[in-house]
*Asks:* 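I am attaching a structure below and will ask some questions about it afterwards.
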Amino acid sequence: MKTKFQEIKNNSIAKMSKKCLKMTVLLFLSFNVIQAQDKKAKDLLNEVTAKIKSYDNISIDFKYSLNNAKENINQDSKGNVVMKGNQYVLNFMGVTKIFDGQKTYTIVPEDEEVTISKVNEKDDNAVTPSKMLTFFNSGYKYNMDIVQNVKGRKIQYIKLVPTSGKDQRKEILLGVDVQTKHIYNLIETGKNGTKTTLTVNSFKTNQPLSKNQFTFVASKYPKYYINKLD
């Protein structure tokens with residue numbers, strides 16, 4: 001039986017994993033739906049989109065940072081994700097999430113538990129690749145921002161500002177490597193001063209994947225409690 005502390009901890013990890021997953025998928029899947037507002041930004045994002053669409057699969061290692069000076073919060077975590085089509089495997093904060101296109105399998109070794117849930121397309125909080133594809137479809141103004149030299153790499157930033165006053169995010173910055181047309185990082189700044197940054201440390205494409213890459217194999221977890229939510 002889980003203690004109250006374990007439940008709170010797991011809920012915290014789940015929230016961070018969900019936010020991290022949103023940011024990760026946004027890095028690579030959302031650019032083809034942005035409405036034109038700044039021609040230079042649009043042209044650059046179109047080049048990024050063309051690159052991403054040319055890959056059969058994408059594997060990245062990343063760093064996730066959460067900072068809030070007022071609350072004295074500084075958290076850094078590392079993770080990795082493999083994506084192909086609408087399937088993915090995400091490893092973050094000791095938790096593994098597998099999405100096979102229909103169900104999500106959340107594996108928590110610390111608790112020896114696997115939670116299985118179906119994806120509800122009507123759930124506004126559900127993280128699905130299809131929703132990531134339409135994230136920037138409306139509700140944002142964007143334009144070219146600053147250029148930075150990061151260890152010899154020219155990073156062009158594009159600023160996105162929510163048009164809704166109810167949005168808790170002040171702005172989003174997308175950093176694009178001008179030479180490779182790959183995304184370097186994504187920075188979200190909240191109205192409460194919280195800044196979350198996802199930085200790509202390693203970007204690999206068209207890697208050889210196993211047949212079971214996006215398949216949950218129950219036999220690998222014989223002692224785990226299987227929690228089926230649906």
*Asks:* When you compare the side chain of Thr197 with that of Thr199, does any pair of heavy atoms fall below 4.5 Å?
*Replies:* yes
*Asks:* Looking at CD of Glu112 and OH of Tyr225, how far apart are the two atoms once the value is rounded to the nearest 0.5 Å?
*Replies:* 14.0 Å
*Asks:* With rounding to the nearest 0.5 Å, note down the distance linking OH in Tyr224 to CG in Asp111.
*Replies:* 9.5 Å
*Asks:* Same cluster or not: are Met83 and Tyr64 linked, directly or through other Ile, Leu, Val, Met, Phe, Trp or Tyr residues, by side-chain heavy atoms under 4.5 angstrom apart?
*Replies:* yes
*Asks:* How about Thr106 and Lys97: does a side-chain donor come under 3.5 Å of a side-chain acceptor?
*Replies:* yes
*Asks:* Taking a hydrophobic cluster as the set of Ile, Leu, Val, Met, Phe, Trp and Tyr residues connected by side-chain heavy atoms closer than 4.5 Å, whether directly or through intermediates, do Val48 and Met144 fall within one such cluster?
*Replies:* yes
*Asks:* Would you say NZ of Lys191 has more than 12 non-hydrogen atoms from neighbouring residues, nucleotides or ligands within 6.0 angstrom?
*Replies:* yes
*Asks:* Donor-acceptor check, side chain of Gln156 to backbone of Asp145, threshold 3.5 angstrom: yes or no?
*Replies:* yes
*Asks:* Test Phe99 against Phe214 for ring-ring contact (aromatic ring centres under 6.0 Å, His included), laying out the working first.
*Replies:* CA-CA 7 Å; Phe99 179 63; Phe214 305 103; 9.6 Å; no
*Asks:* I'd like to know if the side chain of Asn206 reaches the main chain of Asp56, judged simply by a donor and an acceptor atom lying under 3.5 Å from each other, with no hydrogens or angles considered.
*Replies:* yes
*Asks:* With side chains defined as the heavy atoms from C-beta onward, is the minimum distance between Ile155 and Asp177 less than 4.5 Å?
*Replies:* yes
*Asks:* For Asn72, I'd like to know if atom CG has over 12 heavy atoms of other residues, nucleotides or ligands within 6.0 Å.
*Replies:* no
*Asks:* Could you please spell out the steps behind the side-chain hydrogen bond (donor to acceptor under 3.5 Å, both in side chains) verdict for Asn67 and Asn74?
*Replies:* CA-CA 5 Å; Asn67 306 101; Asn74 275 292; 2.4 Å; yes
*Asks:* Using the salt bridge (Lys or Arg N to Asp or Glu O under 4.0 Å) rule, take Glu188 and Arg169 through it: C-alpha gap first, then chi angles, then the decisive distance, then the call.
*Replies:* CA-CA 7 Å; Glu188 283 189 0; Arg169 290 167 297 180; 3.6 Å; yes
*Asks:* Could you give the distance from CD1 (Ile116) to OH (Tyr105), rounded to the nearest 0.5 Å?
*Replies:* 5.5 Å
*Asks:* Any link between Val114 and Val95 through a network of hydrophobic side chains (Ile, Leu, Val, Met, Phe, Trp, Tyr) touching at under 4.5 Å?
*Replies:* no
*Asks:* Are Asp43 and Lys39 close enough for a salt bridge, meaning some N to O gap below 4.0 Å?
*Replies:* yes
*Asks:* Hey, does Lys154 have a side-chain heavy atom less than 4.5 Å from the side chain of Val147?
*Replies:* yes
*Asks:* So, do Gln213 and Val82 sit near enough that their side-chain heavy atoms are less than 4.5 Å apart?
*Replies:* yes
*Asks:* Is Asn212 reaching over with its side chain to a backbone N or O of Thr215, donor-acceptor style, under 3.5 angstrom?
*Replies:* no
*Asks:* Can Leu90 be reached from Val200 by stepping across I, L, V, M, F, W or Y side chains whose heavy atoms are under 4.5 Å apart?
*Replies:* yes
*Asks:* Is there a path of hydrophobic side-chain contacts, each under 4.5 Å between heavy atoms of I, L, V, M, F, W or Y residues, that connects Ile158 with Ile52?
*Replies:* yes
*Asks:* Measuring centre to centre across the rings, with the benzene-like ring taken for any Trp, is Tyr221 within less than 6.0 Å of Phe216?
*Replies:* yes
*Asks:* Heavy-atom count around Lys181 NZ within 6.0 Å, excluding the residue itself: above 12?
*Replies:* yes
*Asks:* Using 0.5 Å steps for rounding, measure from the CD atom of Gln87 to the CG atom of Asn57.
*Replies:* 11.0 Å
*Asks:* Just by distance, do the side chain of Gln148 and the backbone of Ile146 share a donor-acceptor pair under 3.5 Å?
*Replies:* no
*Asks:* For Lys51, I'd like to know if atom NZ has over 12 heavy atoms of other residues, nucleotides or ligands within 6.0 Å.
*Replies:* yes
*Asks:* Is it the case that Thr194 and Asn192 place a side-chain donor and acceptor less than 3.5 Å from each other?
*Replies:* yes
*Asks:* Looking only at side-chain N and O atoms, does Asp100 offer a donor or acceptor that is under 3.5 Å from a partner on Tyr88?
*Replies:* no
*Asks:* Check the pair Val81, Val89 against side-chain contact (heavy atoms from CB on, under 4.5 Å), reporting the backbone distance first and the verdict last.
*Replies:* CA-CA 6 Å; Val81 62; Val89 177; over 6 Å; no
*Asks:* If you measure from CG on Leu160 to CG on Leu173, what distance do you get to the nearest 0.5 Å?
*Replies:* 8.0 Å
*Asks:* Is it true that the side chains of Asn80 and Asn91 contain a donor and an acceptor less than 3.5 Å apart?
*Replies:* yes
*Asks:* To the nearest 0.5 Å, how far apart are CZ in Phe62 and CD1 in Ile183?
*Replies:* 15.5 Å
*Asks:* If you apply the rule side-chain contact (heavy atoms from CB on, under 4.5 Å), what do you find for Ile187 with Ile172, and how did you get there?
*Replies:* CA-CA 6 Å; Ile187 305 169; Ile172 299 171; over 6 Å; no
*Asks:* Out of Leu174, Val176, Val150, which residue meets the side chain to side chain contact (heavy atoms under 4.5 Å, CB included) rule with Tyr184?
*Replies:* Val150
*Asks:* For the residue pair Ile98 and Ile107, establish whether any side-chain heavy-atom pair is separated by less than 4.5 Å.
*Replies:* yes
